[in-house]
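Positions are given from 1, in the same order as the sequence printed here.
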Amino acid sequence: MEAAYLRATVGEALASGMANTAMANPADPVEFLSNWLTKYCDNIEDAKRQKQIYAERQVIEEAELAKAELAKQEQEASLSLQAAAEAELESMNAIVESEPCVDTLWK
């Protein structure tokens, strides 16, 4: 049970550290392994922080894109309403111009 736990939690790091210690053949292998494992943990923590920063940056970029898309849709809707209003005004002007003028009716 304990061996399985150790293998699952520190097995990979310890195996790599022991291999590096054997290859380096340092004067003080315990200190070398200790420093190697510390650096290994620091690298893992740095990788986690970088992953979190990247995820946060992705969320911000997606929010900015959504905001820009919404602004674009609002602008398109505004232009569409403006065009519809102008078309309606032209239609009303055409109707008014086609109506007989009060002055011509009294003549």
Side-chain angles (χ1 to χ4, degrees):
M1 185 77 155
E2 292 173 4
Y5 170 77
L6 288 174
R7 198 174 305 120
T9 56
V10 296
E12 180 183 333
L14 193 55
S16 294
M18 295 292 283
N20 277 295
T21 303
M23 287 188 291
N25 196 19
D28 188 355
V30 173
E31 182 180 354
F32 181 89
L33 180 60
S34 171
N35 291 336
W36 190 93
L37 288 171
T38 301
K39 180 68 174 165
Y40 181 87
C41 290
D42 290 345
N43 289 342
I44 288 177
E45 289 299 317
D46 286 344
K48 286 179 183 177
R49 277 191 294 270
Q50 289 296 327
K51 187 175 181 180
Q52 183 180 6
I53 289 169
Y54 178 77
E56 290 170 356
R57 188 176 299 143
Q58 285 293 101
V59 168
I60 290 169
E61 288 177 2
E62 289 173 2
E64 288 174 352
L65 285 174
K67 185 178 177 181
E69 182 65 28
L70 181 61
K72 181 180 176 184
Q73 290 174 355
E74 288 174 351
Q75 183 181 16
E76 289 174 354
S78 175
L79 290 175
S80 176
L81 287 173
Q82 184 179 6
E86 289 175 1
E88 185 176 350
L89 182 61
E90 286 179 21
S91 173
M92 293 172 85
N93 284 338
I95 291 171
V96 169
E97 288 174 2
S98 67
E99 292 288 323
C101 185
V102 175
D103 294 337
T104 56
L105 288 177
W106 291 106
K107 290 184 183 181

task = Would you give the length of the straight line joining atom CZ of Arg57 to atom CD of Gln50, rounded to the nearest 0.5 angstrom?
result = 8.0 Å

message = Rounded at 0.5 Å granularity, tell me how far CG in Leu65 sits from CG in Leu70.
response = 12.5 Å

inquiry  = Within the structure provided, determine whether Asp28 and Phe32 are in side-chain contact (heavy-atom separation under 4.5 Å).
reply    = no

query = Is the closest side-chain heavy-atom distance between Glu31 and Asn35 below 4.5 Å?
reply = yes

message = I'd like to know if the side chain of Ser34 reaches the main chain of Val30, judged simply by a donor and an acceptor atom lying under 3.5 Å from each other, with no hydrogens or angles considered.
response = no

inquiry  = Check this for me: Gln73, atom CD, are more than 12 non-hydrogen atoms of other residues, nucleotides or ligands nearer than 6.0 Å?
reply    = yes

ask   = Is it true that Trp36 and Tyr40 have ring centroids separated by less than 6.0 Å?
value = yes

message = For the backbone of Glu12 and the side chain of Ser16, can you confirm whether one donor and one acceptor N or O come within less than 3.5 Å of each other?
response = yes

inquiry  = Please report the interatomic distance CD(Gln82) to CD(Gln75), rounded to the nearest 0.5 Å.
reply    = 10.5 Å

request  = State, with a plain yes or no, whether a side-chain heavy atom of Glu86 is found less than 4.5 Å away from one of Leu89.
outcome  = no

task = Is it possible for you to say whether Leu33 and Val10 belong to one hydrophobic cluster, with membership spreading through side-chain heavy-atom contacts below 4.5 Å?
result = no

Distance (rounded to the nearest 0.5 Å) between Glu45 CD and Lys48 NZ = 5.0 Å

note = For Pro26 and Thr21 the tightest heavy-atom approach is CD-O, 3.2 Å

ask   = If you measure from the Lys or Arg side-chain nitrogens to the Asp or Glu carboxylate oxygens, is any gap between Asp42 and Lys39 under 4.0 Å?
value = no

query = For the atom pair CD1 (Ile60) and CD (Glu62), what is the distance rounded to the nearest 0.5 Å?
reply = 10.5 Å

